[in-house]
Amino acid sequence: MTLSLHDTLQGRKIAFEPLTEGEVTMYLCGPTVYNFAHIGNARPAVVFDTLARFLRRSYKLTFARNITDVDDKINKASVDSGKPIDEITARFIKAYNDDMGALGVQLPDIEPRATQHIEEMVEMITTLVDKGFAYEADAHVLFDVSANPDYGKLSKRDLREMIAGARVEVAPYKRSAQDFVLWKPSTAELPGWDSPWGRGRPGWHIECSAMAEKHLGKTIDIHAGGQDLVFPHHENELAQSTCAHDGAPFARYWLHNGFLSIDSTKMSKSLGNVLLVHDLVKSVPGEVIRLALLGAHYRQPLDWSDAAIDGARSMLDRLYGAIRGVELSAQQRASAFVPATVIDALEDDLNTPKALKEMFDLARTLNKSAADDERQRLAAEIQSAGDLLGILQMDPEKWFAGHGEDGLAADEIDALLKRREAARASRDFAAADSIRDQLAEAGITIEDGPAGARWRRNQ
RNA sequence: GGCUAGGUGGCAGAGUGGUUAUGCAGCGGCCUGCAAAGCCGCGGACAUCGGUUCGAUUCCGUUCCUAGCCUCCA
């Protein structure tokens, strides 16, 4: 089987073939850095990090994830807080990478920033004006949607219907309601750069077109982001890039992840249910969050809840429980391969729930097996699959020891276990059970096995 | 209102034109001094109404419902 991916433009799953054999270019729309990332922002980061890991197995991948560091929301945050823009963006760029890092998201190969690509944007806008796809009006430069007959193809929108149904107030300088801003003027207080159209700043969409071209080329293989970016952001990027490049395809595969809700309701500031990753990682292990995000197929809607967190934790308990106590040499670990069943699942449009199912099958076989060599082989395979999904990165003992400093310390637990063992040896089960009760009260569960008793901290 | 996705067992969540998803929870059994973990087994599902078909949860259409987009948004 070969990799197939669901392409938004074609609306179906298609076999993946990169433009250049053996190499893949991928661009993901990253954060606008004016606040901490919320759990909804984390979904594309985790999902496409997983895709990047998978692609790196077979291709030389160049993965770019941009940072939008010029934006009216940032300007507003600066005014509201009284802090300079640079300070705000620097702070939240670091917070974003720290928080995503806690979820096992690896840094992309390139992390281009909008403010460092103003020149490229001005160049592309100039090209669009010269070629008749954009016009200057009232110190703005606008993309002329009517000059691009393909406009609306990605988001499957009919331009005429959109114009007819437009409810928003149309800026007077626009020729058509659907025209969008490439460049807009800045006041003295706002960030701005000199341009052929006066001092100003870029519109939202142009940065991705300009940065994708600079770092990945005129035609990129994969362009990814959240479903809500399909329109207008990606539709506009597509229009700009295609028109600036004389019709050369912009992205060969458009990938969009489904939306995330919280307790079945939309996450929104007004409802006060915006869940920041920055806060969540304080009480929930990063791998649990990551697995909760990968537990549903990336294009499906996902509802975030305590039950979803508990479910992910249970799944990790089961997988860690299977590989716990299986000693692997560094060589065994390094030479292990990812099972074909897991690869097959991921090749089918990144079917992570199916991949997990295959891992559980391996775990069951491992649990049943008494042969050390088979147990080691299976544990190594599960670990390798975990590497691909970005889970099972901890020492199983550490996983079950928990991360809470509260409660009994590990050596206290071990001392109690020793006393219990002694009581059991002399068949004083009342004493043994009283120790077990004492531990249970402290949130410790005992598991007796052939190799003696081991324990786990209840989360 | 328009567009685009969905509606699967108690919950989460894959998949398929006719035999098992899987995880959690529940029930029975094995193991255990008793538990826990693990193993074995069981129950329980494909929103609705039609159509195509020898046969549909799976294809087509209707209805209802949900979400996203149509305005900044992952």
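Letters A, B, ... are given to chains in the order of the sequence lines, protein chains preceding strands, and every chain is numbered from 1.
- One atom, CG of L439(A), and another, P of A35(B), lie 18 Å apart when rounded to the nearest Å.
- A donor-acceptor contact under 3.5 Å links the side chain of R436(A) to the base of A35(B).
- Separating the P atom of G33(B) from that of C46(B) is a span of 44 Å, rounded to the nearest Å.
- Rounded to a whole angstrom, the distance from the P atom of C59(B) to that of G15(B) is 12 Å.
- The separation between M267(A) atom CE and G68(B) atom P is 11 Å, rounded to whole Å.
- Contact annotation: N367(A) does not reach the phosphate of G38(B) (side-chain N/O to OP1 or OP2, under 4.0 Å).
- Of the residues near RNA chain B, D317(A) and R420(A), the one whose nearest nucleotide (by heavy atom distance) lies more toward the 5' end is R420(A).
- Near-neighbour residues of RNA chain B inside residues 442-455 of chain A, defined by a heavy atom below 4.0 Å, number-ordered: T445(A), I446(A), E447(A), D448(A).
- Summarising the geometry, the separation between CZ on F180(A) and C1' on U71(B) is reported as 15 Å, rounded to the nearest angstrom.
- Legend: residues meeting side chain to side chain contact (heavy atoms under 4.5 Å, CB included) with A308(A), ordered by chain and number and at least two apart, are S305(A).
- Side-chain N/O atoms of R375(A) and S369(A) include no donor and acceptor closer than 3.5 Å.
- Looking only at atom types and distance, the side chain of D144(A) has a donor-acceptor partner in the side chain of S146(A) under 3.5 Å away.
- No contact: G321(A) has no heavy atom under 4.0 Å from any strand.
- In this structure, a donor-acceptor pair under 3.5 Å is absent between the side chains of H256(A) and H223(A).
- With G68(B), U4(B), A74(B) as the candidates, the nucleotide lying closest to the side chain of N257(A) is A74(B).
- When the C1' atom is compared between A5(B) and A21(B), the two are found 23 Å apart, to the nearest whole Å.
- As rounded to the nearest Å, A12(B) and A25(B) have C1' atoms that lie 11 Å from one another.
- D179(A) places its CG atom 16 Å from the C1' atom of U71(B), with the value rounded to the nearest Å.
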Ring pair (Phe, Tyr, Trp, His ring centres under 6.0 Å) between Y253(A) and F16(A), worked out: CA-CA 8 Å; Y253(A) 302 87; F16(A) 176 74; 4.9 Å; yes
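- Looking at heavy-atom distances under 4.0 Å, R456(A) makes contact with sugar-phosphate atoms alone, never a base.
- In terms of phosphate contacts, N351(A) brings a side-chain nitrogen or oxygen within less than 4.0 Å of OP1 or OP2 of G15(B).
- Within 4.0 Å (heavy atoms only), H256(A) reaches no atom of the nucleic acid at all.
- Checking E207(A) against N66(A) by side-chain atom types alone, a donor-acceptor pair falls below 3.5 Å.
- Straight-line distance from the CD atom of Q178(A) to the P atom of U71(B): 7 Å, rounded to whole Å.
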Each nucleotide of nucleotides 20-27 of chain B classed B (base within 4.0 Å of a protein heavy atom), S (only sugar-phosphate) or -, in 5' to 3' order, makes -BSSS---
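- A salt bridge links K76(A) with D80(A): the closest approach of a Lys/Arg side-chain nitrogen to an acidic carboxylate oxygen falls below 4.0 angstrom.
- Annotation: cation-pi pair R454(A)/F400(A) absent, no NZ/CZ under 6.0 Å from the ring centroid and within 45° of its normal.
- Of the N and O atoms on the side chains of T62(A) and D109(A), not one donor lies less than 3.5 Å from an acceptor on the other residue.
- Nearest nucleotide to the side chain of R157(A), out of A14(B), G33(B), G2(B): G2(B).
- Residue contacts for A296(A): at a heavy-atom cut-off of 4.0 Å it reaches the sugar-phosphate backbone alone, with no base atom in range.
- Regarding K153(A), its NZ atom lies at a distance of 17 Å from the C1' atom of U4(B), rounded to whole Å.
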| request: Go through the steps to decide whether N458(A) and T445(A) satisfy the test side chain to side chain donor-acceptor pair (under 3.5 Å), and finish with yes or no. | output: CA-CA 7 Å; N458(A) 307 331; T445(A) 303; 2.6 Å; yes
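- A47(B) and C39(B): their C1' atoms are spaced 37 Å apart (whole Å).
- The side chain of Q300(A) lies closest to G6(B) when the candidates are C34(B), G6(B), C69(B).
- Atom C1' of nucleotide C70(B) and atom NE2 of H234(A) are separated by 17 Å, given to the nearest angstrom.
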Practice task
Step by step, work out the side chain to side chain donor-acceptor pair (under 3.5 Å) result for E189(A) and N75(A).
Solution key: CA-CA 10 Å; E189(A) 304 81 55; N75(A) 300 338; over 6 Å; no
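- With both ends at atom C1', the span from U57(B) to U71(B) equals 39 Å, rounded to whole Å.
- Proximity of residues 95-112 of chain A to RNA chain B (heavy atom under 4.0 angstrom from any strand atom) is not detected for any residue.
- In summary, the side chains of R157(A) and S155(A) do present a donor paired with an acceptor at a separation below 3.5 Å, with no hydrogens or angles considered.
- Taking the P atoms as reference points, U48(B) lies 10 Å from U58(B), given to the whole Å.
- Between W254(A) and H234(A), the ring planes lie tilted relative to each other; the angle falls in the 30° to 60° range.
- Side-chain contact check for Y298(A) and D349(A): at least one donor-acceptor pair (N or O, by modelled atom type) lies under 3.5 Å.
- In the set C3(B), G68(B), C40(B), the nucleotide with an atom closest to the side chain of K156(A) is C3(B).
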Symbol by symbol from the 5' end, with Watson-Crick or G-U pairs under 3.5 Å, [ ] crossing and | another strand, RNA chain B is (((((((..(((.....[...))).(((((.......)))))....(.(((..]....))).))))))))....
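- Between F259(A) and G68(B), no base-stacking contact is recorded for ring centres under 5.5 Å apart and planes less than 30° from parallel.
- Partners of K156(A) under the side chain to side chain donor-acceptor pair (under 3.5 Å) rule, at least two apart in sequence or in another chain, do not exist in this structure.
- Taking the six-membered ring for Trp and the full ring otherwise, the centers of H215(A) and H117(A) sit less than 6.0 Å from each other.
- Between G11(A) and L260(A), the residue anchored nearer the 5' end of RNA chain B, judged by the nucleotide with its closest heavy atom, is G11(A).
- Going from atom NZ of K266(A) over to atom C1' of G68(B) covers 8 Å, rounded to whole Å.
- For the C1' atom pair drawn from A56(B) and A74(B), the interatomic distance equals 37 Å after rounding to whole Å.
- Using a 3.5 Å distance cut-off with no hydrogens or angles, the side chains of E237(A) and Y27(A) do not pair a donor with an acceptor.
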